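Nothing here was measured: the structure is a model prediction, and the numbers come from that model.
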Amino acid sequence: MNDHGPVPHIEYIGVRKTYDGSSWVVRDLDLSVRRGEFLTLLGPSGSGKTTCLMMLAGFEAPSAGEIRIDGAPVSGLPPDKRGIGVVFQNYALFPHMTVGGNLAFPLEVRGMAAPERRERVARALALVRMEGFEDRRPGQLSGGQQQRIAIARALVFEPELVLMDEPLGALDRRLREELQYEIRRIQRQLGVTVVYVTHDQQEAMALSDRVAVFQAGRIEQAAAPEVLYEEPERAFVASFIGENNLLPGRIRGIERGICTVEVAGSEIQAAHVGGLAVGADTVVAIRPERVQINPAAGRLANMHDAKVEDLSFLGDHLRVRLTACGTSSFIAKIPNVVGHGGILPGDKVRLGWAALDCRALQSETQ
């Protein structure tokens, strides 16, 4: 909670949600969102992220706890009184209305006079770069164009808070990347607060000021994208954000922030995370791109024998699967540069990585 600065734009305080009275979809959620922040709720299907968004929008009610906007509780306040713009994956445009009619509708509901409606609609269309489309119907637009109009409709009454639920999920990769840029540009231009839901980790990393990673109704970690990637606090976060080698082991010693972990009969030096004591079970996480193949002797704290099982060519890098550290699915990524062809399946190699490039995390059972 933010006790020293301005009141957060949004606060979830001890929020819980159940649909059947016994299983919790959201558990003891405490989360605050700064004004003007782009926060993404990221997690697998069924992790509770969309339910959190729907409770904020007013389409669902919390079973316990409280949600506040600008410090005021919103329980009992209907969705249309919360002043929130909402964008869904399926566009939710009225097919019988023109683009201009779709955008004007939320302004008419608010009793806005016609001249101001026309001005707001023109501004919103310019914002999403869809000028000149006022007289088209949604069926005459591509999927990407329809989603731009859906975004414009959420912004046309100039809300301070916009919620987006998987808005790019129905689009192909090229369009998704294009609209990611547009959404971020618009958010920065307007300075609105955005709460965004996705299960796509790359989308979350590209768009967000901060990402809250959900699992089983709880936030595992909430931090800036680079912090989640470089400094995961839990094994689930390490596995869900990017790719990681996750090796179960036991802590045998700790010294100056570095712990010695026994993994499959050998020792790994890793950054000590989460207050684990000597003798505790842990999971060591190592990013594949931090693993070096056949590095110079004596340069790295961790050196281990390995066997190359197979290689995959992925354009700018090669993905190498090896048997190492007690697993046959250890992954290393090496740049696609001259000389990479010196590694072949069946080769015996040495792997190396720095102690600070791997982290000893709490196991999921803890």
**Report entry** No-hydrogen, no-angle side-chain donor-acceptor test under 3.5 Å, Q180 and R176
**Finding:** no
Residues passing the ring pair (Phe, Tyr, Trp, His ring centres under 6.0 Å) test with H304, sequence neighbours excluded, are W353
For residues 343-356, the salt bridge (charged side-chain N to carboxylate O under 4.0 Å, His left out) pairs (sequence neighbours left out) are D305-R350
So side chain to side chain donor-acceptor pair (under 3.5 Å) across residues 122-136, not counting sequence neighbours, yields E119-R123, R123-E158, R129-E182
task: Identify whether NZ of Lys or CZ of Arg in R188 sits under 6.0 Å from the centre of the six-membered ring of F38 and within 45° of that ring's axis.
output: no
Closest non-hydrogen contact found for L93 with P138 is CB-CG, 4.0 Å
>> Quiz question: by atom type and distance under 3.5 Å, do the side chains of S22 and D20 form a donor-acceptor pair?
In response: yes
Pairing donors with acceptors under 3.5 angstrom, does anything connect the side chains of T323 and S328?
no
- Query: Quick one: does R117's side chain have a donor or acceptor within less than 3.5 Å of a partner on M112's backbone?
  - Reply: yes
State whether the side chain of S47 and the backbone N or O of Q215 hold a donor-acceptor pair below 3.5 Å, judged by distance alone. no
Is the count of non-hydrogen atoms from other residues, nucleotides or ligands lying under 6.0 Å from Y181 atom OH greater than 12?
no
Apply salt bridge (Lys or Arg N to Asp or Glu O under 4.0 Å) to the pair E231 and R359, showing each step before the final yes or no.
CA-CA 8 Å; E231 302 174 20; R359 296 168 67 78; 5.2 Å; no
Verify the distance criterion only: is there a donor paired with an acceptor across the side chains of T50 and D165 at less than 3.5 Å? yes
### Electrostatic pair R35-E160, nearest N-O below 4.0 angstrom
yes
Do T198 and E203 pass the side chain to side chain donor-acceptor pair (under 3.5 Å) test, and can you show the C-alpha distance, the side-chain angles, and the key distance before you say yes or no? CA-CA 8 Å; T198 185; E203 189 168 285; 3.2 Å; yes
### Polar contact flag, side-chain donor to acceptor under 3.5 angstrom, Y196-E166
no
Closest non-hydrogen contact found for I219 with A212 is CD1-CB, 4.1 Å
The residue among K49, R27, R234 that forms salt bridge (Lys or Arg N to Asp or Glu O under 4.0 Å) with E220 is R234
Between R250 and E262, does a salt bridge (Lys or Arg N to Asp or Glu O under 4.0 Å) hold up when you go through it step by step?
CA-CA 5 Å; R250 181 162 293 175; E262 182 183 339; over 6 Å; no
What one should report as the nearest heavy-atom pair of A152 and L103 is CB-CD2, 3.9 Å
Looking only at heavy atoms, the pair that brings G48 and V26 closest together is O-CG2, 3.8 Å
Hey, any chance V349 and F313 share a hydrophobic cluster, counting ILVMFWY side chains that come within less than 4.5 Å of each other, even indirectly? yes
Handout entry: Axial cation check for F157 ring with R110, 6.0 Å and 45° limits
Key = yes
One pair to check against salt bridge (Lys or Arg N to Asp or Glu O under 4.0 Å): E37 and R210. What are the steps and the verdict? CA-CA 8 Å; E37 183 175 21; R210 195 162 51 110; 2.6 Å; yes
With P62 as partner, the option from L29, V15, I13 fulfilling side chain to side chain contact (heavy atoms under 4.5 Å, CB included) is V15
N302 and C358 have their tightest heavy-atom pair at ND2-SG, 4.2 Å
| said: Set out, in order, the CA-CA distance, both residues' side-chain angles and the distance that settles side chain to side chain donor-acceptor pair (under 3.5 Å) for Q187 and R184, then state yes or no. | reply: CA-CA 5 Å; Q187 188 265 341; R184 192 61 168 134; 2.5 Å; yes
Inset, instruction - Let me see the working for T282 and Q362 under side chain to side chain donor-acceptor pair (under 3.5 Å), right down to the final yes or no. - result: CA-CA 5 Å; T282 185; Q362 285 190 347; over 6 Å; no
Heavy-atom closest pair (D281 atom, L276 atom, distance to 0.1 Å) is O-CD1, 4.1 Å
Exercise. Cut-off 3.5 Å, side chains only: do E11 and S32 have a donor facing an acceptor?
Worked result: no
Using a 3.5 Å distance criterion without hydrogens, assess whether the side chain of R185 forms a donor-acceptor pair with backbone atoms of L127. yes
> Is any side-chain N of the basic residue among K333 and D316 closer than 4.0 Å to the acidic one's carboxylate O?
Replying inline: no
Practice prompt. Examine V156 and M97 and state if one hydrophobic cluster contains both, with Ile, Leu, Val, Met, Phe, Trp and Tyr joined whenever side-chain heavy atoms are less than 4.5 Å apart.
Written response: no
**Prompt:** Is the shortest distance from a Lys or Arg side-chain nitrogen in E243 or R287 to a carboxylate oxygen in the other one below 4.0 Å?
**Reply:** no
Quiz prompt | More than 12 heavy atoms of other groups within 6.0 Å of H317 NE2 | solution = yes
Q.
Please tell me whether S312 and D310 have a donor and an acceptor in their side chains that are separated by less than 3.5 angstrom.
A. no
- Message: Can you confirm whether the side chains of Q145 and R148 place a donor and an acceptor under 3.5 Å from each other?
- Response: no
